[in-house]
Amino acid sequence: MANFNYLEEIPEFKNFASICIEAEKRWRTDTPVSCVKEIRTALEMAIRWVYHTDIKLISENISQNNLYDLMSNKKFSCIIGTKLTNELHYIRKKGNIATHENGINIDKNVANTCMKYLFNFIQWMEATYCKKHYKKRSFEENSIIDTLSDNLKTIGVAVGGVIAGVIGTVIFSSKNKA
């Protein structure tokens with residue numbers, strides 16, 4: 001089970017559900033740098049959703065604000081709290097490194113941490129703004145690792161089958177030549 005698939009069932013989150021799901025897919029199929037870039041994009045979309053939804057933030061002019069400005073807004077920081085604020089800044093900083101510094105020091109562990117922090121924020125959003133859909137969920141790191149492992153096994157079986165076919169062809173061909 002993927003960590004973000006349930007978002008598709010929450011109509012309020014339709015604007016950013018697909019990008020959260022895509023970020024998790026990239027964890028499995030692409031580079032950590034690509035994954036972290038996607039997580040940062042998902043984060044920005046989710047934060048903009050909060051600004052458009054929360055009565056305390058609706059009056060804020062966010063059309064020209066970058067992610068740092070949105071996250072550093074005192075009203076926003078007070079609403080989400082220190083722990084989440086720190087986690088979101090971690091995603092922003094790593095996303096900037098992935099985008100502007102050729103992904104220096106962005107590895108699977110960093111991508112996994114960013115994904116977990118995005119998950120925490122989305123869970124907070126659901127608990128705060130979509131109570132009727134809220135269900136306490138835990139970040140399932142194993143779902144990512146299990147899927148990656150399954151993909152590698154499938155690739156291994158396919159490669160093994162190709163190698164066996166090539167060896168069989170070589171053996172058959174050499175017997176026919178003899």
Side-chain angles (χ1 to χ4, degrees), residues 1-8 10 12-54 57 60-77 79-126 128-129 137-155:
M1 166 146 177
N3 287 293
F4 296 103
N5 284 356
Y6 77 93
L7 294 176
E8 292 179 316
I10 302 175
E12 294 87 346
F13 292 168
K14 68 180 178 191
N15 290 338
F16 58 86
S18 62
I19 197 152
C20 292
I21 294 166
E22 180 62 27
E24 188 168 11
K25 284 179 187 173
R26 287 189 185 205
W27 196 99
R28 292 183 229 126
T29 62
D30 210 336
T31 66
V33 171
S34 176
C35 175
V36 170
K37 286 179 185 179
E38 201 76 7
I39 291 168
R40 186 193 182 286
T41 301
L43 174 65
E44 184 164 357
M45 291 177 74
I47 288 174
R48 288 186 182 280
W49 183 91
V50 170
Y51 271 84
H52 289 290
T53 303
D54 193 297
L57 297 170
E60 299 290 315
N61 180 8
I62 64 166
S63 61
Q64 298 298 319
N65 289 0
N66 61 36
L67 184 57
Y68 176 80
D69 291 339
L70 296 172
M71 292 171 56
S72 297
N73 179 309
K74 289 187 191 308
K75 288 180 186 177
F76 179 77
S77 297
I79 291 169
I80 69 168
T82 304
K83 181 179 183 283
L84 268 178
T85 298
N86 291 337
E87 289 180 359
L88 301 188
H89 276 294
Y90 179 89
I91 294 171
R92 178 189 56 79
K93 289 175 185 177
K94 297 303 180 182
N96 287 347
I97 290 169
T99 302
H100 304 296
E101 298 177 26
N102 298 321
I104 297 168
N105 298 322
I106 302 293
D107 58 17
K108 287 280 187 186
N109 292 328
V110 169
N112 191 55
T113 299
C114 287
M115 192 167 311
K116 182 177 182 178
Y117 289 170
L118 176 63
F119 179 85
N120 293 345
F121 182 59
I122 300 297
Q123 275 285 279
W124 174 85
M125 289 173 60
E126 186 181 358
T128 305
Y129 303 108
R137 296 171 175 84
S138 299
F139 181 72
E140 298 290 337
E141 187 173 344
N142 289 340
S143 75
I144 298 168
I145 293 168
D146 290 346
T147 304
L148 180 62
S149 176
D150 290 345
N151 289 346
L152 291 175
K153 286 177 190 172
T154 301
I155 291 168

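Everything numeric in this text was worked out from a predicted model, so none of it was measured.
No cation-pi contact links R137 to F119, judged by a cut-off of 6.0 Å to the six-membered ring centre and 45° from its axis.
Under the side chain to side chain contact (heavy atoms under 4.5 Å, CB included) criterion, A111 pairs with W27, P32, C35, V36, not counting sequence neighbours. Partners of E12 by salt bridge (Lys or Arg N to Asp or Glu O under 4.0 Å), not counting sequence neighbours, listed by chain and number: K132. The salt bridge (Lys or Arg N to Asp or Glu O under 4.0 Å) search around E22 returns R26, not counting sequence neighbours. For D69, the side chain to side chain contact (heavy atoms under 4.5 Å, CB included) partners at least two apart in sequence or on another chain are N65, N66. Under the side chain to side chain donor-acceptor pair (under 3.5 Å) criterion, T128 pairs with W124, not counting sequence neighbours. Shown here are the side chain to side chain donor-acceptor pair (under 3.5 Å) partners of D30, two or more places apart in sequence or in another chain: S34. Applying the salt bridge (Lys or Arg N to Asp or Glu O under 4.0 Å) rule to R92 yields no partners; only residues at least two apart in sequence or on another chain are considered. By the salt bridge (Lys or Arg N to Asp or Glu O under 4.0 Å) test, K93 is found to be paired with no residue, residues two or more places apart in sequence or in another chain being considered. By the side chain to side chain donor-acceptor pair (under 3.5 Å) test, K25 pairs with no residue at all, sequence neighbours left out. The side chain to side chain donor-acceptor pair (under 3.5 Å) search around Y129 returns D54, not counting sequence neighbours.
Taking both residues in full, the closest heavy atoms of I97 and I104 are given as CG2-O, 3.2 Å, listed atom of the first, atom of the second, then distance. Here the closest heavy-atom approach between residue R28 and residue A2 is recorded as NH2-CB, 3.8 Å. Contact record, S138 with N3: O-OD1, 4.0 Å, taken as the closest heavy-atom pair. Taking every heavy atom of both residues into account, G103 and V33 meet most closely at CA-CG2, 3.6 Å. Scanning both residues, Y117 and I91, for their nearest heavy atoms gives CB-CD1, 3.7 Å. Shown here for E8 and A17, the closest heavy-atom pair between the two residues is N-CB, 4.1 Å.
Counting heavy atoms from C-beta outward, F121 and Q123 have side chains that stay 4.5 Å or more apart. The side-chain heavy atoms of L88 and F76, taken from C-beta on, include a pair separated by under 4.5 Å. A heavy-atom distance below 4.5 Å is found between the side chains of N112 and F139. Annotation: side chain of M115 is in contact with side chain of E24 (closest heavy-atom distance under 4.5 Å). Between N105 and V110 there is no side-chain heavy-atom pair separated by less than 4.5 Å. A heavy-atom distance below 4.5 Å is found between the side chains of E126 and I10. By the 4.5 Å heavy-atom criterion applied to side chains, E44 and F16 are not counted as neighbours.
Between the side chain of T41 and the backbone N or O of K37, at least one donor-acceptor pair lies under 3.5 Å.
By the neighbour-count criterion of 12 heavy atoms within 6.0 Å, atom OH of Y90 is densely surrounded, having more than that number from other residues, nucleotides or ligands.
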Could you go through R48 and L70, starting from their C-alpha distance and side-chain angles, then the distance that decides it, and tell me whether this counts as side chain to side chain contact (heavy atoms under 4.5 Å, CB included)? CA-CA 8 Å; R48 288 186 182 280; L70 296 172; 3.8 Å; yes
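Remark: I122 CD1 to L118 CG distance equals 5.0 Å, nearest 0.5 Å. The CG atom of N96 lies 7.5 Å from the CG atom of L67; values are rounded to the nearest 0.5 Å. Rounding to the nearest 0.5 angstrom, the gap separating the OG atom in S18 from the CZ atom in F13 is 13.5 Å. We find the OH-CG distance between Y51 and L57 to be 5.5 Å, quoted to the nearest 0.5 Å. Rounding to the nearest 0.5 angstrom, the gap separating the NE2 atom in H52 from the CD1 atom in I47 is 12.0 Å.
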Could you tabulate the donor-acceptor pairs under 3.5 Å formed by side-chain atoms of residues 79-86, not counting sequence neighbours?
{"unit_1": "K83", "atom_1": "NZ", "unit_2": "E87", "atom_2": "OE2", "d": "2.8"}
{"unit_1": "T85", "atom_1": "OG1", "unit_2": "G81", "atom_2": "O", "d": "2.7"}
{"unit_1": "N86", "atom_1": "ND2", "unit_2": "T82", "atom_2": "O", "d": "3.4"}

